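Everything on this sheet refers to the single structure shown next.
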Number of protein chains: 2
Amino acid sequence: MTQTEQAEARPRLGRKRDHTRDPEILSAALDVLAETGYDGMTIDLVAARAKAGKATVYRRWSSKADLVLDAVACMKGNDLDLDHLPDTGTLRGDLIAMVKPPSIRDSERKLKVMAGIVSMIARNPELAAAAHKALVEPRAAVNRVFFQRAIDRGEVLPGLDVEKLCMVGPAMVAYRTLMLRIPVDREFLISNIDEIILPAAGLRAA
Amino acid sequence: MTQTEQAEARPRLGRKRDHTRDPEILSAALDVLAETGYDGMTIDLVAARAKAGKATVYRRWSSKADLVLDAVACMKGNDLDLDHLPDTGTLRGDLIAMVKPPSIRDSERKLKVMAGIVSMIARNPELAAAAHKALVEPRAAVNRVFFQRAIDRGEVLPGLDVEKLCMVGPAMVAYRTLMLRIPVDREFLISNIDEIILPAAGLRAA
DNA sequence: CATATCCGGAACTTAACAGTTCCGTATATG
DNA sequence: CATATACGGAACTGTTAAGTTCCGGATATG
C-alpha cells in the first residue's frame with residue numbers, strides 16, 4: 001500500500017467538495033426566479049448573481065429543473081416556528097400579531113416565487129409538492145394553531161371549518177398580489193381579519 | 001386614369017383580407033396557453049391546432065406577445081350579461097344561482113389561462129390590463145350587482161366593504177385551483193358562500 | 001375564364017439558452 | 001512547499017422556437 005496505486009496521490013479528497021456556496025446559489029436562483037419567472041431564468045444569470053461559474057452550478061444540480069426544485073424546497077420561511085408563535089389570548093390578537101412588515105415581506109417574496117412557477121406546477125408534480133410544502137403549508141399551519149387555540153379556550157364554536165378559514169387570509173393576499181397586482185399593506189390585512197375572517201368565525205371585530 | 005397605373009389591375013382588393021379564421025386562431029391560442037403556459041406555447045402549435053399556416057398567424061399578429069395579448073383581450077366570458085343575471089330576491093339565492101357547471105367550467109378555463117400568463121403579467125403592463133379586464137373584472141362585476149341589490153332591498157347593512165366582499169369568492173377559487181391544485185366543485189362553492197361570504201355580509205347561511 | 005390575392009404548409013434563418021468542456025488560479029492537505 | 005482538487009470563467013455544442021420567405025393551390029372578382 002506504499003508507492004504506486006495512487007493510494008496516497010489520488011484520494012487527496014480532504015476538502016471533499018465545497019458546499020459553502022450552495023446557499024448563495026440557491027438564494028440567487030430564488031431571486032432570479034422571482035424576478036423573471038421560470039422560463040426567463042437562465043443558469044448564467046443565476047451563476048452571475050451568485051458570483052459563481054456556470055460549471056459550479058451544474059456540478060451540484062444536474063439540470064435547471066433540479067436547481068429550481070431544490071431552491072423552492074429549501075426556501076424556509078423566516079417565521080414558521082410553530083412553538084414560538086405569539087399568544088395574545090384572543091384569536092384576533094393572534095392574527096393581528098402576524099401583521100408585521102417582516103411577515104409581509106416574506107409573504108410577498110414567496111408569492112413572487114410562486115408566480116414564477118405556477119405554470120410549471122401543472123406539469124411537474126414534484127415541483128408542485130415542493131411549492132405546497134414550502135410556500136402554502138407553513139402559512140396555513142400558523143393559522144391552524146391560532147384557530148385550535150381559539151377552539152380550546154371556547155372562544156369560537158368547535159364546529160368551524162378550520163381548514164377553510166385558514167385559507168381565507170392567504171387566498172386574499174395571493175389574489176390581491178397576483179391578480180389585482182396591488183401590494184398588500186397593514187390596513188388590507190387588518191380589514192381582512194376584521195371584516196372577513198372573524199365574522200366567518202362567528203366573532204365581531206373588536 | 002384609364003389603362004395603366006394598375007388602377008384596375010392592382011387594387012383587386014375585393015376580398016380585403018379573410019378575417020374569418022381569426023376567432024379560431026385566437027381560440028386555439030387560448031387552448032394552448034391554458035395547456036402549456038406562455039413559454040410552452042409555440043406558434044406552430046397554435047397554427048396546427050387552428051389548421052392554419054404559421055405565416056397566416058404572422059400575417060395578423062406581429063409577434064407571439066401580440067397574439068397572446070389579443071387572445072386574452074378577446075376572451076369573452078360566456079355569462080357576463082349584467083342585465084340578465086338571475087334575480088332570486090335574496091343575496092344567498094343570487095350567489096347560489098351562479099354555482100352551475102357552465103359557470104364553473106368557464107372559471108376553470110379562465111384560471112388556467114391566468115396561470116399560463118401570471119409570470120408574464122409582472123413585466124407586461126398591457127397584458128396585465130387585458131387580463132384584469134377579461135378575467136378578473138367580469139367576475140367581480142357580477143358580485144357587485146348582487147351586493148348592490150342586497151343593499152338596495154335592505155337585506156344587508158349599507159356600510160359593507162363591497163369591493164372586498166366581491167373578491168372573496170374569486171380569491172378562494174383561484175387559491176384552491178392555482179395553489180392547492182384541487183378542482184372546485186359545487187360543494188366548495190356553496191360552503192364558501194355559506195361559511196365565509198354571508199357571515200362577512202352579516203347574514204346567516206339559511 | 002383570366003388574374004390578383006390570400007390561403008396552408010414547408011423550408012429557411014437567426015438567436016437564445018441548456019448543458020459540456022477546458023483552462024488558469026487559489027487553496028487546503030500532507 | 002508540492003500537489004490534487006474544486007473553483008470562476010470563457011469557449012463550445014446542440015436544440016428549440018421565433019420570425020421570414022417561398023410556393024402551389026383555391027377563390028373571388030371582373
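Below, chains carry the letters A, B, ... as their sequence lines are ordered, and counting in each starts from 1. What you see is a predicted model; the values in this text were computed from it and never measured.
A donor-acceptor contact shorter than 3.5 Å is absent between the side chain of B:Thr56 and the backbone of B:Ala52. Panel note: side chain A:Asp94, backbone A:Phe146; no donor-acceptor pair is recorded below 3.5 Å.
Distances were taken from every side-chain heavy atom of A:Thr56 (C-beta onward) to each of D:dG8, C:dG8, C:dA18; the shortest belongs to D:dG8. The listed nucleotides are C:dG8, D:dA18, C:dA18; the one nearest the side chain of B:Lys54 is D:dA18. Nearest to the side-chain atoms of A:Tyr58 among the listed nucleotides C:dC7, D:dG19, C:dT20 stands C:dT20. Among C:dA18, C:dT21, C:dG8, the nucleotide with an atom closest to any side-chain atom of A:Ala55 is C:dT21. When distances run from any side-chain atom of A:Thr42 to the nucleotides C:dA18, C:dG19, C:dC7, the shortest one goes to C:dA18. When the nucleotides D:dG9, C:dG9, C:dA18 are ranked by their closest atom to the side chain of A:Arg59, D:dG9 comes out on top.
If you measure from atom CG of A:Asp39 to atom P of D:dA18, you get 11 Å, rounded to the nearest angstrom. One can place NZ of A:Lys51 at 24 Å from P of D:dA6, the figure rounded to the nearest angstrom. Atom CD1 in B:Ile43 sits about 17 Å away from atom C1' in C:dT13, given to the nearest Å. Following rounding to the nearest Å, A:Trp61 (CH2) and C:dT20 (C1') show an atom-to-atom distance of 18 Å. The distance between atom OH of A:Tyr38 and atom C1' of C:dA16, rounded to the nearest whole Å, is 16 Å. Rounded to whole Å, atom P of C:dT14 lies 21 Å from atom NZ of B:Lys64. The CD1 atom of A:Ile25 sits 12 Å away from the C1' atom of D:dA6 (whole-angstrom rounding).
Ranked by how close their nearest DNA chain D nucleotide is to the 5' end, A:Val57 and A:Asp44 are led by A:Val57. Along DNA chain C, the nucleotide nearest A:Met41 and the nucleotide nearest B:Ala48 are compared for position; the residue whose nucleotide lies closer to the 5' end is B:Ala48.
A salt bridge links A:Arg21 with A:Glu24; the closest basic N to acidic carboxylate O contact falls under 4.0 Å. Salt-bridge annotation for A:Asp106 and A:Lys100: absent, with no side-chain N of the basic residue lying under 4.0 Å from a carboxylate O of the acidic one. No salt bridge links A:Arg60 with A:Asp70; every basic N to acidic carboxylate O contact stays at or beyond 4.0 Å.
Looking at heavy-atom distances under 4.0 Å, A:Ser62 makes no contact with the nucleic acid at all.
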